[in-house]
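This report refers to the structure that appears directly beneath it.
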Amino acid sequence: MVETGHKFHDNVAKKVAWAHWFTFFNIVAISLISLRYIAYSGLADTGLGIVYQFVSLLGHFSFLSAVVFGILIFPLAFIISNNLLYRLISILIATTAITFLIVDTQIFRLYEFHLNPLIWQFLQKPEQVEEIYSINLHYISIPITFALEVFFSLILWKKVRNIQAKQIGKPIALFLFASFVLSHLVFIWADATQYRPITHQKSLYPLSYPMTARTFLKKQGWLNEDIIQKRELGAAGTNQQELNYPLEKLVYSKSPTASADKNILIINIESLRADMLNPQNMPNLQALADQGINFKNHFSGANNNEQGVFSLFYGLPNSYWYGVTENHIPPVFMTKINEENRPIGLFSSIGFVHPKFLQSSFSHLKGKNNVYYSKAQNNNQVIQQWGEWITSQSKTTPWFGYIYLEQQNEHLFNQPSKKSIPQQTERLALYQSQVSTIDNQVARLIDKLKQQKQYENTVIVITGTHGQSFKEQNTNDALISGANVPMVLIWPNKAPRTIYRMTSHVDIIPTLMQDIFGIENQSNQYSSGHYLLKDNDREYVLSGDINNYIIYEDRKITQFSGNGDINSIDWQGEHIEANEHNDKFNITLLIDVLSTLRRFNQN
């Protein structure tokens, strides 16, 4: 009997039908496993956010499964004629995918990252970190997953024609496709309106890249940025348990410290490079530094204004930014100042919405009678209003003052386009001129303090929000200069000195909390910083932004992101290659960084 083509086509049709239902079975299995992401991250704050969590889960993993089906399983039905071999290869593909998913859920639980090349290195060296063993234990799921895949594949192979006859495949496919499309459309709306219960879910699932269209909507005139900003300011999150901050109830010594009656003044200068603190560019601040404690190797907790201010007031890395600003959680430092009922003076020409002061650092001060908010248009008005406020303060009641001095042309320095050498020189000259003006303004602030005879009774912190580069963004120069800032501490009765070890913005609050308020808790219970005046060298300083983290070490700088992109350079800006003799990644150090990024998350 001569074999016709019908047998081949019938065989392929059966394999393809089986593959469809085998894929659907795995969509169900993957969706159930992926519920762990929701369990570990917690339900969203709102009903719409919760619905989106589940709809996007179903749509996203259905899409990924469809991609695997279309690229691998479907073409193999035409290539592999042996039915048993075809099903075995499909089972191996499904088992591998589910194994990686299970491991990824555990990584997400531990570090809130997804499986990427960086994390993969951790898995190759489990002897360095005990936590990795708990991940490797999940490999025991491989034989269990394989057995379940074999079992259900056999059932589906036997029942595939009966299932096909019920004609339920198309409705299921349409429902899954609708979930996928709906999840992206909803995210476009959420991103355009900054609906945080949904936008925060952007990286909840692995390989998730939801669509956005904010730029397009603004160009069409359908989106008003000012309205969105006001809505953000007025909306507090409902999930107050998202952060466990502080870790323990704070306890203060009953005996007042030697500095308990001191005033506190923080002067924050926008985008101030560390190398600007010299007798030529900032002679007044240099003179102050000579009289106080000068930290020569200091870093902001971020390479931008908003998170730079955040790291100073909270002593926390930027991974906590959204949890704090959404829920309007005040820093423990400002909470203590408010409890002491100190007069508070806040001075800025950019207002207190940007950076999002009212959603974070000063969120609990709204409506307080003892709080003064300046209404200045420029730095000169800030200084004038500061003078009026300080004149009205009693010399016997300790107060707190915060002064934010802006760089008027900062937008020119932060343009992303590539700059020529003449353009860089021009920008540097403009920057130096502005820095010189700000230096004179700082001198006027201090002179006014001295005129009121309050200088000798005031702890003064002068530092930058972040650093500054004059080359285009995403360059090694920006990596080196983006967070390095001056830091000058004037503290009555503390001897002048220069400190060369690495210090950070996150160290400022623990120092003030200990020496002024007499806090008895360890600093790691309410911050990620250390006491500034203790001569202990730290292994690294952490900076960056909410998408990329930067680790500054003595010999190198490493930038990494949640998706696994990682880059190491030396302090001359040269890329450091990894090889068997030069391991550019210290796995134990990176694990410590990942732990720092989630220490205050609610478990």
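This one's a predicted model, so the numbers in the text were calculated from it and none came from an experiment.
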Using modelled atom types only, decide if a donor and an acceptor are shared between the side chain of [X] and the backbone of [Y] within a distance under 3.5 Å.
X    : Y    : value
T199 : D191 : no
Y320 : R598 : yes
H184 : M211 : yes
E248 : Q522 : no
K15  : A77  : yes
S179 : G59  : no

Measure the [atom1]-[atom2] distance between [X] and [Y] for me, rounded to the nearest 0.5 Å.
X    : Y    : atom1 : atom2 : result
Q559 : L479 : CD    : CG    : 5.0 Å
Y40  : R109 : OH    : CZ    : 5.5 Å
L542 : I551 : CG    : CD1   : 6.5 Å
N304 : T465 : CG    : OG1   : 8.0 Å
S361 : I329 : OG    : CD1   : 12.0 Å
L72  : I93  : CG    : CD1   : 4.5 Å

Handout entry: Residues F313, Y402; criterion ring pair (Phe, Tyr, Trp, His ring centres under 6.0 Å); working and verdict
Key = CA-CA 11 Å; F313 275 97; Y402 176 74; 5.1 Å; yes
Practice task
Would you please test V251 and I519 for side chain to side chain contact (heavy atoms under 4.5 Å, CB included) and show each step?
Solution key: CA-CA 6 Å; V251 178; I519 193 168; over 6 Å; no
Problem - With F24 via ring-ring contact (aromatic ring centres under 6.0 Å, His included) - residues at least two apart - result: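 Applying ring-ring contact (aromatic ring centres under 6.0 Å, His included) to F24 gives W21.
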What is the minimum heavy-atom distance between [X] and [Y], and which atoms define it?
X    : Y    : result
L57  : L35  : CD1-N, 4.0 Å
V506 : S527 : O-OG, 4.3 Å
G351 : S348 : O-OG, 3.3 Å
H364 : P330 : ND1-CB, 3.5 Å
P331 : Y245 : CA-OH, 3.4 Å
S183 : S56  : CB-CA, 3.8 Å

Exercise for the section: I would like to know whether F61 and Y205 meet ring pair (Phe, Tyr, Trp, His ring centres under 6.0 Å); could you show each step before the answer? Expected result: CA-CA 9 Å; F61 288 105; Y205 305 121; 5.6 Å; yes
Exercise for the section: Please check if the distance between the ring centroids of Y540 and Y552 is under 6.0 Å. Expected result: no
Handout entry: Verdict with reasoning, Y37 to Q201, per side chain to side chain contact (heavy atoms under 4.5 Å, CB included)
Key = CA-CA 10 Å; Y37 294 114; Q201 300 178 42; over 6 Å; no
Practice task
Determine, step by step, whether F299 and H505 satisfy the ring pair (Phe, Tyr, Trp, His ring centres under 6.0 Å) criterion, reporting the C-alpha distance in whole Å, the side-chain angles of both residues, the deciding distance to 0.1 Å, and the verdict.
Solution key: CA-CA 6 Å; F299 296 85; H505 269 14; 9.9 Å; no
Practice task
Check the pair F69 / H20 against ring pair (Phe, Tyr, Trp, His ring centres under 6.0 Å), numbers first and verdict last.
Solution key: CA-CA 8 Å; F69 170 82; H20 276 106; 4.7 Å; yes
Exercise for the section: Determine whether more than 12 heavy atoms belonging to other residues, nucleotides or ligands lie under 6.0 Å from atom CD of E339. Expected result: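 Result for CD/E339: enclosed.
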Ignoring hydrogens and angles, state whether a donor on the side chain of [X] or [Y] is under 3.5 Å from an acceptor on the partner side chain.
X    : Y    : value
N26  : S65  : no
T46  : Y195 : yes
D507 : H530 : no
E270 : Y404 : yes

Practice task
Could you give me the CA-CA distance, side-chain angles and deciding distance for F560 and N567, then say whether side chain to side chain contact (heavy atoms under 4.5 Å, CB included) is met?
Solution key: CA-CA 6 Å; F560 73 95; N567 177 44; over 6 Å; no
When the ring planes of [X] and [Y] are compared, do they come out parallel, tilted or perpendicular, using 30° and 60° as the limits?
X    : Y    : result
F362 : F352 : perpendicular
F78  : F74  : perpendicular
F177 : F180 : tilted

Exercise for the section: May I have the step-by-step check of side chain to side chain contact (heavy atoms under 4.5 Å, CB included) for N83 and R87, ending in yes or no? Expected result: CA-CA 6 Å; N83 293 335; R87 299 203 310 271; 4.0 Å; yes
Practice task
Establish, for the pair K14 and W157, whether the NZ or CZ atom is under 6.0 angstrom from the six-membered ring centre and no further than 45 degrees off its axis.
Solution key: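 Geometry flag: set, cation within 6.0 Å and 45°.
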